[in-house]
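First the structure, in the form of structure tokens, and then the observations on it.
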Amino acid sequence: MKHLLKLLDLSKEEIISILDLADQLKYEKKNNIAHPLLAGKSLGMIFQKSSTRTRVSFEVGMYQLGGQALFLSSNDLQIGRGEPVQDTARVLSRYLDGIMIRTFAQKEVEDLAAYGSIPVINGLTDFAHPCQVLADLMTIRERYAALDGLKLAYIGDGNNMANSLTVGCLKMGMKVAVATPEGYRPDQKVLDFASGNPNFLLTDDPVKAAAGADVIYTDTWASMGQEKEKEARIKAFAGYQVNGKLLEAANPGAMVQHCLPAYRGQEITEEVFEAHAAELFDEAENRLHAQKAVMVKLLSGERD
Ligand code: CP
Ligand code: NVA
């Protein structure tokens with residue numbers, strides 16, 4: 001594994017190896033066992049969109065690993081004034097040991113990796129959010145001990161989260177049911193990957209998707225960059241709220257997961273959010289541990 005650009009690029013074994021290392025690093029952190037595995041290394045973090053979890057967990061994670069993280073807002077970089085990503089990649093490769101980037105187009109992340117000579121980590125694009133899904137898989141595995149055969153139902157917008165969850169969960173042998181209105185389906189590349197897999201269901205019926213699910217997952221109806229569509233989207237997704245009634249279709253005790261930020265009263269009710277707050281904030285915490293594992297894998301080579 002040279003980069004983390006999208007989960008389509010990873011094998012099941014690579015995902016398991018990241019999750020195992022994440023569990024180990026979490027255990028060490030909880031037990032005050034220092035792990036300065038990236039001492040002397042520098043990670044550049046390019047942000048073209050807002051972030052709370054991704055920025056803080058990468059920055060703190062790099063610190064805990066003994067390295068340094070630089071926050072690089074695109075407003076301040078020359079990239080914001082038109083310097084091509086191909087040149088930015090080659091310059092930053094001379095200074096840094098790795099780059100994390102959050103941006104709009106997946107192509108920009110792929111170009112950064114193609115032109116640079118250091119590992120690139122996708123911290124969210126319109127197409128994918130692989131770091132989030134690694135943390136999600138870690139959280140689900142913590143609860144159920146194994147992933148194989150579990151059913152995840154994704155309810156709402158067929159966005160970057162729907163794309164990455166579909167790929168990540170199917171690769172791990174899970175069943176995935178995605179319920180979106182027509183016109184808001186996951187990306188065609190993801191549908192091509194999933195098509196023909198008996199573990200995959202695409203429907204416009206949230207209850208059908210939620211039936212027998214072990215994990216119910218949702219995300220905002222208007223992602224970053226879609227602010228102008230917000231009102232239209234609230235109308236389009238009206239029947240796609242994760243609420244108490246929908247949860248009745250899932251397995252008793254099913255987990256509720258959300259990458260956050262959550263918009264109560266839209267994709268999830270206040271009541272469901274608060275009832276599942278413990279596992280939602282475990283999920284947010286696991287961003288730190290999962291990303292530390294990704295950084296160790298990419299910036300220092302394999303670790304037993
Ligand atoms: N879930 C997530 O990526 O959160 P941020 O946008 O706050 O980084
Ligand atoms: N789909 C959301 C995820 C935020 C973490 C977005 O792209 O804005």
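Any value given below was found using the heavy atoms of this structure, including those in side chains, with hydrogens, waters and symmetry copies removed. For ligands, and for the atoms within them, numbers begin at 1 and follow the listed sequence.
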Is the closest basic N to carboxylate O distance between [X] and [Y] below 4.0 Å?
X: D192; Y: K189; value: no
X: E110; Y: K107; value: no
X: K49; Y: D126; value: yes
X: E14; Y: K297; value: no

Between ligand 2 and the protein, give all atom pairs where both partners are nitrogen or oxygen and the distance is under 3.5 Å, as lines of names plus distance to 0.1 Å.
| residue | atom | partner | partner atom | Å |
| --- | --- | --- | --- | --- |
| ligand 2 | 1 (N) | N159 | ND2 | 3.4 |
| ligand 2 | 1 (N) | N160 | OD1 | 2.8 |
| ligand 2 | 1 (N) | D219 | OD2 | 2.6 |
| ligand 2 | 1 (N) | S223 | OG | 2.7 |
| ligand 2 | 7 (O) | N160 | ND2 | 2.8 |
| ligand 2 | 7 (O) | S223 | OG | 3.4 |
| ligand 2 | 8 (O) | M224 | N | 2.8 |

Query raised in the report: What residues sit with at least one heavy atom under 4.0 Å from ligand 1?
Result: S51, T52, R53, T54, R102, H129, Q132, C259, L260, R287
Query raised in the report: What is the ring orientation for F71 with F47, classed by angle as parallel under 30°, tilted 30 to 60°, or perpendicular over 60°?
Result: tilted
Query raised in the report: Hey, does the side chain of N286 reach the backbone of H289 with a donor-acceptor pair shorter than 3.5 angstrom?
Result: no
Query - Over 12 foreign heavy atoms within 6.0 Å of OH, Y63 - result: no
Query raised in the report: Between D282 and R143, does a salt bridge (charged side-chain N to carboxylate O under 4.0 Å, His left out) hold up when you go through it step by step?
Result: CA-CA 10 Å; D282 280 348; R143 158 70 86 90; over 6 Å; no
**Report entry** Ring centers of Y240, Y184 separated by less than 6.0 Å
**Finding:** no
